[in-house]
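Here the structure is laid out as structure tokens; the discussion comes afterwards.
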Amino acid sequence: MAVSGAPDPGLIPPSDAVHENEWYNQDFDGYRISEEPLHAKRHLRIVCVGAGAAGLQIAYKAERALSDIDLQIYEKNSDIGGTWLENRYPGCTCDIPSHSYQFTWARNPSWSAYYSSSEEIWQYFKDIATKYDLEKYVQFKTTVEDATWNEERGQWKVTILGPDGKRVEDWCDILISGSGVLNSWKYPNIPGLDLFKGKLMHSAKWDNTYDLAGKRVAVIGGGSSAVQIIPNIQARVGKLYAFLRSPVQKWKDDPEEYKKYARDVEGELNKRFNLMHMQSGDQKNSRELIANLMSDKLGNGKLAKKMIPDFALGCRRMTPGSGYLESLGKENVEVIHESAVRLTETGIVDESGVEHEVDVVICATGFDTSFTPHFKVTGRNNADIKTQFGDFPVGYLGIMAENFPNMFLLIGPNGPASHSSILPILEWYTRYAFQMITKFQTENIKSFEPKSGAIKDLYNHTHELMKRLVWSSACRSWFKMGKTHGPVTAIYPGSRLHFFELLKHVRWEDYDLTYRTGNRFQFLGNGYTFTEQSPDGDPVWYFDDEFTKV
């Protein structure tokens, strides 16, 4: 006789039926069984803001790791790619080796350079989006303006400005801010930006139609963008003022060989945490080596004394800048070791009051690195995330924040922002978030939010450990929100492998959970599992559990 594992509804008596065992003729706080198997998934709506690296990663993995979801990605631009779509200044390259700056699920053996250009990286993303049909999840030319938490429903109300110029409301169970850290560019806070009658540009909003040939050009900033721009425009401009305030084929044919190379590059990058300790031998030796190389390339003792910093190597993000130091010594370049204090109609004034007449001002002055989403977010207790983060953003593991349930930040405060390639890190964050989403979906959970006590303990650990690491050194850095003396708000307190190890599993003890009904065990359902209901289910699957093999 064949035995069915599926439930027979005809045999289930109503809850108030008279029971032959008198003890069971009572009501258990009004609780009623959900007539579904254990871990039945409820349908969820997920909204992700941004179709850059994070958005593409989420779309690809959601198709393969989640089920019973609707995913909607909103992108303000007309195409995918985020920062690599927007940043097209001369010499714009990634500061991570190409064979590490790629998704593990889409390796590219055909990178044209060790450090790839923004155009090539964007094309890599575009090829992925096309190959895997990821753009079907994206609504372009759409700006998310506002997200407000609804406590009663356990959902986010989202206001968007669509491509037709109309505002509409959407909602979601899970909100993901995937617009990145280096996305919202900003001009420096210098008086006179509106007075200057020449050409004003930002590195992240480059005008490729403007001809710099023979022009008098000022470049403000000494970070990674300036390091790449200056040597790429120096030869064709008339005069350049640099305001520096502070100092392939065999792999296609042999994929296994390429996989080994990619692993070797990644492994080498993962061994550099010792370098990040201020008093380590690696730090001392590397700093001496770089200082000597800089001195040789500058070929000018006076300039070298000004340019070689006295802070720890790695306090600011280290950027490959081929030809940068050599370009500073060229005849048409004047290095100004002072801040630009204001602009006039015809030029730029330094701290000594000297005005330098220029035709063009290029601001390579970075981005808003407050880790605040680029839209208004109102969470629990009417908390505004921009106000809460302020000048000192604090979160939980760089992925969530207090008062903002069911919302992931990719990436948030004190995530691994300077731990080599961000792409495997985004993949690991996605893995972590999907663990939470699956539990949320299958265990009757209404909301999850990190506990304030866990956030405080992690805060104390982070900054006590930071005392010994180069990121806390006294240099002006976006890792410290542009401050010389202040908390490190952008860096995870540990190595890259330390981060991966910690985020293997969710520490649910660090979260406050609320449930959709009064009984947290509602998800147990009717006592059945999907395995026994499926004709192909293995009724002795536990015989093959990994623990039985120990």
Side-chain angles (χ1 to χ4, degrees), residues 1-17 19-21 24 28-46 48 57-72 104-105 132-134 136-137 154-155 172-174 176 406 408 427-448 503-509 511 513-550:
M1 181 181 72
V3 178
S4 172
D8 182 351
L11 300 178
I12 300 173
S15 182
D16 58 356
H19 199 282
E20 62 187 70
N21 182 335
Y24 279 98
F28 297 99
D29 296 327
Y31 175 72
R32 295 295 181 266
I33 298 295
S34 293
E35 297 302 337
E36 55 190 16
L38 173 70
H39 290 147
K41 290 184 176 180
R42 74 178 190 271
H43 201 82
L44 298 181
R45 181 166 176 79
I46 301 173
C48 174
Q57 159 73 26
I58 288 163
Y60 176 85
K61 289 293 184 180
E63 275 195 3
R64 292 154 178 81
L66 298 178
S67 60
D68 297 291
I69 66 161
D70 290 326
L71 173 63
Q72 178 64 64
T104 60
W105 44 270
Y132 296 107
D133 193 23
L134 303 181
K136 65 176 179 264
Y137 297 108
Q155 294 173 338
C172 60
D173 300 289
I174 302 291
I176 303 174
N406 300 8
F408 296 110
E427 188 168 6
W428 212 246
Y429 267 138
T430 302
R431 178 184 183 275
Y432 181 92
F434 282 11
Q435 286 186 56
M436 300 189 75
I437 289 170
T438 300
K439 184 180 177 74
F440 175 83
Q441 193 177 23
T442 57
E443 295 191 16
N444 195 39
I445 296 171
K446 180 179 180 181
S447 69
F448 51 88
L503 267 74
K504 269 187 179 179
H505 306 289
V506 179
R507 285 177 47 87
W508 285 105
E509 60 269 38
Y511 286 91
L513 305 179
T514 64
Y515 293 86
R516 299 172 69 229
T517 62
N519 192 314
R520 72 191 65 199
F521 291 109
Q522 189 89 45
F523 75 94
L524 293 178
N526 57 12
Y528 290 85
T529 67
F530 280 103
T531 299
E532 61 205 281
Q533 291 189 21
S534 170
D536 300 322
D538 180 2
V540 289
W541 58 263
Y542 49 90
F543 277 14
D544 302 314
D545 185 77
E546 287 301 314
F547 194 72
T548 66
K549 302 172 185 177
V550 175

(request) Would you mind listing every side-chain hydrogen bond (donor to acceptor under 3.5 Å, both in side chains) that reaches into residues 538-547, with sequence neighbours excluded? (result) Glu546-Lys549

(message) Please give me the minimum heavy-atom distance between Glu63 and Tyr132, naming the atom from each residue.
(response) OE2-O, 4.5 Å

(message) Using the side chain to side chain contact (heavy atoms under 4.5 Å, CB included) criterion, which residues pair with Tyr515? Sequence neighbours excluded.
(response) Asn444, Ile445, Leu513, Arg520

(message) Gln57: which residues meet the side chain to side chain donor-acceptor pair (under 3.5 Å) condition with it, sequence neighbours left out?
(response) Trp105

(message) Please check: side-chain N/O of Thr548 versus main-chain N/O of Phe543, any donor-acceptor pairing under 3.5 Å?
(response) yes

(message) Enumerate the salt bridge (charged side-chain N to carboxylate O under 4.0 Å, His left out) contacts for residues 435-445, please, sequence neighbours excluded, ordered by first and then second residue.
(response) Lys439-Glu443

(request) Just jot down the side chain to side chain contact (heavy atoms under 4.5 Å, CB included) partners of Ser534, sequence neighbours excluded, or say none. (result) Asp536

(message) I need the minimum non-hydrogen distance between Ser447 and Phe440, along with the two atoms involved.
(response) N-CE1, 4.0 Å

(request) Applying side chain to side chain donor-acceptor pair (under 3.5 Å), name anything that partners Trp508, two or more places apart in sequence or on another chain. (result) none

(request) Give the minimum heavy-atom separation between Val506 and Met436, together with the two atoms involved. (result) CG2-CG, 3.7 Å

(message) Please enumerate all residues that pass side chain to side chain contact (heavy atoms under 4.5 Å, CB included) together with Pro14, with sequence neighbours excluded.
(response) Asp16, Ala17

(message) Testing the basics here: between Ser34 and Gln522, what is the closest heavy-atom pair and its distance to 0.1 Å?
(response) OG-NE2, 2.8 Å

(message) Tell me every residue that passes side chain to side chain donor-acceptor pair (under 3.5 Å) with Asp173, counting only those two or more places apart in sequence or in another chain.
(response) Gln155

(request) Test side chain to side chain contact (heavy atoms under 4.5 Å, CB included) on Ile174 and Phe448 and set out the steps. (result) CA-CA 10 Å; Ile174 302 291; Phe448 51 88; 4.0 Å; yes

(message) Checking His43 now: which residues fulfil side chain to side chain donor-acceptor pair (under 3.5 Å) with it, not counting sequence neighbours?
(response) Asp70

(message) Ignoring hydrogens, what is the shortest heavy-atom contact between Lys446 and Gly154? Give both atom names and the distance.
(response) CE-N, 3.7 Å

(request) For Glu509, check salt bridge (Lys or Arg N to Asp or Glu O under 4.0 Å) against everything at least two apart and list the hits. (result) Arg507

(request) Mind jotting down which residue pairs meet the salt bridge (charged side-chain N to carboxylate O under 4.0 Å, His left out) criterion with at least one end in residues 30-40? Sequence neighbours excluded, please. (result) Asp27-Arg32

(message) Between Gln441 (side chain only) and Asp68 (backbone N and O only), is there a donor and an acceptor less than 3.5 Å apart?
(response) yes

(request) Give the minimum heavy-atom separation between Phe530 and Ala40, together with the two atoms involved. (result) CE1-CA, 3.6 Å

(message) Checking Tyr24 now: which residues fulfil side chain to side chain contact (heavy atoms under 4.5 Å, CB included) with it, not counting sequence neighbours?
(response) His19, Asn21, Phe28

